[in-house]
Number of protein chains: 2
Amino acid sequence: MARRPLSELTRELTAVCMGREPADTVIRGGRLVNVHTREVLDGVDVAIAHGRVAMVGDVAHTVGSATETIDADDAFLVPGLIDTHLHVESVMVTVTRFAEAVVPHGTTTAFIDNHEMANVFGLEGMRWMLEEGRGLPLKVFLAVPSCVPALPGFEDAGAELGPDEIREALDWEGVAGLGEMMNMPGVIAGDESVHAEIAAALERGKPVTGHWSLAGVRDHRLQAYIAAGVDSCHETTSREDALAKLRSGMWVQFREGSTFRDVEALAAVITEDGVDPRHCLLVTDDVLPDTIESDGHMDRVVRRAIESGIDPLVAIQMATVNGAEYFGMRHDLGSIAPGRLADILFVEDLRDFRPHRVLADGRELGELPPFSYPQEAYRSIRLGRLLGEADLKIPAEGASVRVRAVGVESGRVTTEHLFADLPVVDGAVRASADADVAKLASIERHGGPGTIGLGFVKGLGLRRGAVASTIAHDNHNLLVAGMDDADMLFAVDRLVEAGGGMVAVAGGEVLALVELPIAGLMSDRPVSELAARTIALKEAYAELGSPVENPAMIFSFLSLGVIPALRLTNRGLVDGVSFELVPALA
Amino acid sequence: MARRPLSELTRELTAVCMGREPADTVIRGGRLVNVHTREVLDGVDVAIAHGRVAMVGDVAHTVGSATETIDADDAFLVPGLIDTHLHVESVMVTVTRFAEAVVPHGTTTAFIDNHEMANVFGLEGMRWMLEEGRGLPLKVFLAVPSCVPALPGFEDAGAELGPDEIREALDWEGVAGLGEMMNMPGVIAGDESVHAEIAAALERGKPVTGHWSLAGVRDHRLQAYIAAGVDSCHETTSREDALAKLRSGMWVQFREGSTFRDVEALAAVITEDGVDPRHCLLVTDDVLPDTIESDGHMDRVVRRAIESGIDPLVAIQMATVNGAEYFGMRHDLGSIAPGRLADILFVEDLRDFRPHRVLADGRELGELPPFSYPQEAYRSIRLGRLLGEADLKIPAEGASVRVRAVGVESGRVTTEHLFADLPVVDGAVRASADADVAKLASIERHGGPGTIGLGFVKGLGLRRGAVASTIAHDNHNLLVAGMDDADMLFAVDRLVEAGGGMVAVAGGEVLALVELPIAGLMSDRPVSELAARTIALKEAYAELGSPVENPAMIFSFLSLGVIPALRLTNRGLVDGVSFELVPALA
């Protein structure tokens, strides 16, 4: 079911408006939330044909014998919600399963930055997701990741995207822009390759989406980043930073993810500073399966904005027309008006914003078309050989030794560069439950050099067993931590067997396993199932001693070399401040 | 001097922000009108390089030995004004002369619908104007005229633009959209050729600009027009119509031309209805040279909006960022922010909005580059033969006869379908000063069939002599009216001699002549000179008896078959209601 562009349907829609052809569906008696004028208009009817709104107003003449009538029963009619920045991989499911879960919550358009898939399968992986998205009632657009690998020279991901690959992807239908530009130093230093990527997007009239995560930095460096053409940002955590970005012409994406929740803090730019909200957007960025199960998706973010004091009509604009305008798609998206795709939510109460009925392309959500990822997608764990205890051994002399440890804390994405004294037994450093230090290994798993980085992590709370994951930002190598080498190897084997995922083991037994066989990142099971399995995994972490709130997420960030202060990749420990490799033994 | 795109300048601008390269110019101590947030920010500095804003804020580190410093002296800094719909031909000058006149009034970007030039020289004429525009500090974009000829089958213009020509022009750099879609009946009837033109623009992501001139018609017909993809309109004269269009997703262009002045009436949608003004724009459409001379250009429209009660910051948004967003050009236009073209107005008083200094591309207006239209452009009056009195003769029998007359009235663009009794002398119908009826002839002048349409006009007020014009909407044939055939022929000869223009004659003498040798529409003389000459022409009309306020404009509309009720083209009298040719003798 290909979605036909407006350019192919203008005559058909005109014919419906003029009564020459019947509408497919008419909605009677709604309260239209008009995001163009920021008004509610009562007693409105809508005629729908070919998946688009043909007209709004008196639609009696468009009703034919086969026209379906929906009585809105005075519900508010709200345009489908648009999420302009999210990683579907964070939900750990395919795009189809994502659509199945979020469309009932009113998210009808997703601009997916598929950074994770691209780190594993490069353009090939993007193509699969784009193809999968084409058949769905969810409008799927991709932003081509700008930083793959995230930290060249310090890690081996499954792919490298340079300006050539980015130009290629930007020309694909459905690729809407350049993905979050995380290489802030490269942009402001004038790095040629980084600017070539930006230029590729600008030349095509597609936005360059940003990631200015330097909280409080609002001076000439931010101006340089914006002068380079980057014009949105979802990494904004304070009112002052939001104001500075908006004033400089950026579109600020107020984020309400599972872990990072900025909407309340940023709402003040609208409620207190009173800025024109046209360039304010609502996004999810990263949500976990159980957040969707328990709280919803973009409807949750709209509710949060309203709870934070933003006028409901403004909050709805931030999730609809503003996003459509950011991406230059006003003819298709963002409002209930002639010509636009008929993505329409029925909502009883604008303040407690919960759609009870959702039309996407003018239809209720039905069975989604099956999509099969190619066999290759299921074969992403390519270690090349069986690992043994020798692979995890960190040799040392004496009875104890000082080591570096990646310091983590619940709810924080930055890490600390710590030191710890660990016992040496039989010529090898041992983890120590008393010191809350586990051994950590990052095993290259993309069929590349097969190297293994070794180090330690402090603060994870494990007292026994091991945990492992093939979600390990941003290189997504196989990351394993444990108190015991045998359990670490057992965990690795289980993930190899599962084709990827997350696991917690102890004493040669699996406590919990989340199978993510597609790219080692995603499952083709329903979001509800992933929610249950990730909760079980969290419980298993707790059973192993970890008190961390979102342990699997914290764990998956241990490889994220672009953020300070210390990380482990398959090449070893990366000092994320000085950007050099440092040895495990201090 | 080609303007380089942002994609080629991101590294350069970044280097200025970071202090690696000096700014070309810095502005110190301005009061920035921030159109993103709708605020005024005091004490702001701006660094400019390569014709663009590099940064806003503390710019001390960008100053080098060659950097020019401008002290803003607490003036408001306002983004350059954008006119999203205008006909430069109405000013009767070349694009260069237009730029010379309007840039000092703050108009730094013009979206020109060059409908008139296209009716004379087709794509070739557009190409000349586009080429001319490329060298100017005024940012010149064209909208490719959608209705050339305006009334196929009822007139012979100098060119025909169909879907193929429109596709070709839409691919040219600098062509920003499809020009005003005047063929409302064709759109709502589903005419294939009209919809093919619209589709061509939509496929290229370029807007289809509208012209819904059916005042009061806000029902399913308007919805059909919008469902076809037309998403702006400058033909809106009432608050109710503006509201209906905005609610349906159209961008409404509040027009303040010389003759048609709608801003005051439309302001109420903002000041009374309180709609979100993001889709409201200010435009001039048609202004005459003397309006620019006496009142300015887009600054005049902004003042009018403010006088009508619109908040000055909103009025400025309507003439800046809103227009940039309508045409998808936010990276280049519409605000004073990093990366944007440095089009900056200095204004003392936001309420009495009069720029006292204007930077375009970061520079003061200097000498404009010479541009020569090709010789062909000066040879647009191609009658093919000398005309004689026989060509103007309307034979009749008896002493008097009843004729049809195009009824005109001062300040109104519609005409009436009138009848009058005229004397017959020597077998030919005569004009009558007592009945206020002049003879009217439309002479094909594009080197085409050479046909001449004959009829009468009532209400022009001529008591003697003749007037003629090669501006005759929309076919721009040579239109002549007079009380005396000899004077009519004399007027025609004078325009042939001048290569086009407007003339008033009596008794074999020229009373006033406005030479418009380029396409018979435009002059390469300054706007001030055109202002003086058109005023002299108006005085000459008055001398001949015409009390009409803008007689030359009213006269030039006598051929405009698309508007009711009766017009004269080179094929004869056109009934603009039934759309048929009707005879001169009733």
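In what follows, chains carry the letters A, B, and so on, assigned in the order in which the sequence lines appear, proteins first and then strands, with residues in each chain numbered from 1.
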*Look only at the side chain of K206(A) and the backbone of L170(A), and say whether a donor-acceptor pair between them is shorter than 3.5 Å.*
yes
_Interchain contact, A54(A) with chain B, by part (heavy-atom threshold 4.5 Å)_ = backbone
*Taking T209(A) for the side chain and L178(A) for the main chain, is one N or O donor matched with an acceptor at less than 3.5 Å?*
yes
*Who among N34(A), L32(A), V269(A) has the most heavy-atom pairs with chain B under 4.5 Å?*
N34(A)
_Heavy-atom pairs under 4.5 Å with chain B, option from R278(A), H279(A), R38(A), M18(A) with the top count_ = R278(A)
*Checking heavy atoms, do the side chain of L222(A), its backbone, both or neither come under 4.5 Å from chain B?*
neither
*Identify the residue among R52(B), R4(B), R3(B), R340(B) that makes a salt bridge (Lys or Arg N to Asp or Glu O under 4.0 Å) with D332(B).*
R52(B)
*Looking at V208(A), L13(A), D231(A), which has the largest count of heavy-atom pairs under 4.5 Å with chain B?*
D231(A)
*Expected output: side-chain T67(B) to main-chain T25(B) donor-acceptor under 3.5 Å*: no
_Any side-chain to backbone donor/acceptor pair from N322(A) onto P277(A)? Under 3.5 Å, distance only._
yes
*Could you tell me which portion of D58(A) (side chain, backbone, both or neither) has an atom closer than 4.5 angstrom to a non-hydrogen atom of chain B?*
neither
*Can you tell which part of Q317(A) gets under 4.5 Å to a heavy atom of chain B, answering side chain, backbone, both or neither?*
side chain
*Given the options A189(B), A201(B), A15(B), G328(B), which has more heavy-atom pairs under 4.5 Å with chain A than any of the others?*
A189(B)
*Name the option with the most non-hydrogen atom pairs under 4.5 Å to chain A; the candidates are G205(B), P207(B), A199(B).*
A199(B)
*asked:* I need the residue from G57(A), P338(A), A196(A) with the largest number of non-hydrogen atom pairs under 4.5 Å to chain B.
replied: P338(A)
*Heavy-atom check, side chain of L246(A) versus side chain of C280(A), under 4.5 Å*: yes
*asked:* What I'd like to find out is whether the side chain of V46(B) reaches to under 4.5 Å of the side chain of V59(B), using heavy atoms alone.
replied: no
*With a 4.5 Å cut-off on heavy-atom pairs, point out which of V194(B), V16(B), L202(B) contacts chain A the most.*
L202(B)
_So does V321(B) get a backbone contact from the side chain of Y326(B), meaning a donor-acceptor N/O pair under 3.5 Å?_
no
*Charged N to carboxylate O under 4.0 angstrom, E39(A) versus R247(B)?*
yes
*Among the options R20(B), H61(B), E8(B), R218(B), pick out the one with the most heavy-atom pairs lying under 4.5 Å from chain A.*
R20(B)
*S248(A) portion near chain B, given a 4.5 angstrom heavy-atom threshold*: both
*asked:* So, taking the atom named CH2 in W251(A) and the one named CZ in F327(A), what distance separates them when rounded to the nearest 0.5 Å?
replied: 10.5 Å
*Which one, G190(A), G19(A), G339(A), A337(A), leads in non-hydrogen pairs under 4.5 Å with chain B?*
G190(A)
*asked:* Heavy-atom pairs under 4.5 Å with chain A: which of M329(B), M250(B), E192(B) has the most?
replied: E192(B)
*Pick whichever of E203(A), R221(A), E325(A) has the most heavy-atom pairs under 4.5 Å with chain B.*
E325(A)
